[in-house]
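Everything quoted here is computed from the prediction, not taken from an experiment.
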2 protein chains.
Amino acid sequence: MRPTVHDIAAVAGVSLATVDRVLNQRPGVRGVTRQRVEEAIREIGYVRDVAAANLAKGRLYPLVFILPASDNSFMHGLHAEVRQAIGRASSERTDIRIIEVPAFVPAALVAALDSLAVGATAGVALVAIDAPEVRSAVDRLVAAGVPVVTLVSDLTGTSRHHYAGVDNIAAGRTAARLLGRFLGGLEGDVLTLAGSMLVRDHRERLEGFSALMAEEFPRLSLLPVLEGRDDPETANRLISDALSNNGRIIGIYSLGAGNRGLIKALKERGAQRELTVVAHELTEHTRAALKDGVIDAVLNQDAGHEVRSAIRVLKAHADGLGLIAAQERIRLDIFLKDNLP
Amino acid sequence: MRPTVHDIAAVAGVSLATVDRVLNQRPGVRGVTRQRVEEAIREIGYVRDVAAANLAKGRLYPLVFILPASDNSFMHGLHAEVRQAIGRASSERTDIRIIEVPAFVPAALVAALDSLAVGATAGVALVAIDAPEVRSAVDRLVAAGVPVVTLVSDLTGTSRHHYAGVDNIAAGRTAARLLGRFLGGLEGDVLTLAGSMLVRDHRERLEGFSALMAEEFPRLSLLPVLEGRDDPETANRLISDALSNNGRIIGIYSLGAGNRGLIKALKERGAQRELTVVAHELTEHTRAALKDGVIDAVLNQDAGHEVRSAIRVLKAHADGLGLIAAQERIRLDIFLKDNLP
DNA sequence: CTGTTAGCGCATTCAC
DNA sequence: GTGAATGCGCTAACAG
């Protein structure tokens, strides 16, 4: 049988209360006594039973998810995953609240972060915007002792504890290799469509894509990036115009959301053009386009995994526990029409 | 506050013991009383606190993993993941035992399955061999009330509760499309290397690969499958011979393990031949080969995920709980040299 | 058949 | 500073 607090108490020759004080680093124990208890703990190899502790404490984890109110399928999916997590709240001892903020507006994000009552929240997950004021707001929160996890888009150079999302530079490079190899030895122009260069994930994808393209596929030349604000309408217009004005385009990398608009534009061109297309995020739209052959590959991040991971990480951090690193790594999923889930 | 057994007892006007009997479907309760309790449960929306229940029971989950003693990196990795799970045993209330059996020997697997003391084991995970005697042994175990999960390779047509592994037909199709597209419009022969047609996963991969090749890449013709028994030496010899004897080979699909031998053969040929290669399972060998450009893509199943999933599923089944389906889906990972973990 | 009671491992009052 | 006692939600003897 695995040792308990009673065993510690017996070995150290103190009472349960004292053991507990030491375990939870609370004051009111003489240095010598503390030493004795800590030695006993090490000696018998005690490890705390978290489940029992949580039961006794009636512990709840009040978590906050700050999500952008973007009207695209990926963000809808992310919202849905958080709501599903809310549905599991009782069995996971979590109490999750969603704060919606306008997309791409740093001030709104800062306001949301600052609104959080420190002490009343055990952890925060946010889809970060890469702006200085957001950085400071995050740092303030962390300094106040609140665990913070970035979701989908990271915020480097801050003290956030963890990033639950894919490696976007690797994503860009992967997209470039797929596009380059799928195009064989062809020569022509490649179009890139982003949401906004304000968010780090999009910038990084573009960076990785451009770098590998330059290194390995010199016969393909990159057109200046288009910014569609992850909005289907805008994306549609931008792509349509570009295809009309440039007959040399043979490949497209859509690295943001709002692919509905892209797909519409591609379908309108129809069989006129043989294009190879790589897009991000598996949604009902990209899935259908993949099946139809309108899109050749979809790179994806599993929103459900990201949300579950963020929760695990925040909880673990809230009570100083360890994690299974491999379990928290968010993979870059590559979908062809053959391996759709 | 969420309702407890006390609330049920109060509403139903019975004692805790009776509530418990109903909750755990134990005898010794009159029909009417049972009804009354069940109604109270529904009325107040009670859900059992599993952690508290396990604490009170001192519950342990004695699980058994039956693994083949194959000498290849993938199986070594799988073993390692199970051992890591054993390291987490105390916090997960599991007691995991590994039974090693010779690879590809149905009788050994059957013996291992039959050796399991029913009642003393809360669940079994096994890398299945697709043979009739194995089927019956699994069915016997399930009939005796032991939850069974197949790992890596499935056993359809049995009553096993769950399969923790990838969709191997989809894997084969995906490999075919990658190879086909990477080869552009080239014409030539494609070689397939399997471990053994005895295991279902290899058969299915080949099936998916052949089907898609025939459908979409008629200019590539498939050579008869080679069986390397997942053994590096054998694989090396088979591949070397094939490459020497046939100059038309332009692509290779290695759908089993033992890739060390394949890679050695490829390196010996060196720059003499421009080959496009897709292999399975990310190991130190395939990873290095991917980086070197010897292999173009690696399809992988995350052994860690498979093991953790098998454990979650067995535990959930052992006490009749639900799962998060998406969390238990084992993805087909596609690795290019750019998105290696 | 049903109820009382004493834990599981830990945290937390409230005395001493 | 330290300890004894009580309870978290649930289960399992043991009585009745």
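At least one side-chain heavy atom of A:R59 sits less than 4.5 Å from a side-chain heavy atom of A:Y61. Counting heavy atoms from C-beta on, the side chains of B:F65 and B:V307 come closer than 4.5 Å.
Contact check, B:T33 against C:dC1: no side-chain N or O comes under 4.0 Å of OP1 or OP2. Contact annotation: A:T18 side-chain N/O to D:dG3 OP1/OP2 distance is under 4.0 Å.
Every residue meeting the side chain to side chain contact (heavy atoms under 4.5 Å, CB included) condition with B:D302, not counting sequence neighbours, appears here in chain and number order: A:R331, B:H305, B:D333. Looking at residues two or more places apart in sequence or on another chain, you find no side chain to side chain contact (heavy atoms under 4.5 Å, CB included) involving A:D95. Under the ring-ring contact (aromatic ring centres under 6.0 Å, His included) criterion, A:H161 pairs with A:H317, not counting sequence neighbours.
Using a distance-only test at 3.5 Å, with no hydrogens or angles considered, a donor-acceptor pair links the side chain of A:T4 to the main chain of A:H6.
Note on B:V19: nothing from the nucleic acid sits closer than 4.0 angstrom, heavy atoms only.
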Between side-chain atoms of residues 41-52 of chain A and protein atoms elsewhere (two or more places apart, or another chain), which donor-acceptor pairs fall under 3.5 Å?
from: A:R48; atom 1: NH2; to: A:N24; atom 2: OD1; distance (Å): 2.4
from: A:D49; atom 1: OD1; to: A:A51; atom 2: N; distance (Å): 3.0
from: A:D49; atom 1: OD1; to: A:A52; atom 2: N; distance (Å): 3.0

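Taking the C1' atoms of five terminal pairs at each end of the helix from C:dC1-D:dG16 to C:dC16-D:dG1, the two resulting helix axes are inclined by 50°, rounded to 10°.
What separates CG of B:D7 from C1' of D:dC10 is a distance of 13 Å, to the nearest Å.
No donor-acceptor contact under 3.5 angstrom links the side chains of B:R88 and B:T94, judged on distance only.
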Quiz prompt | Per-nucleotide protein contact string for nucleotides 8-16 of chain C, where B marks a base within reach and S marks sugar-phosphate only (heavy atoms under 4.0 Å, - for neither) | solution = BBBBB-B--

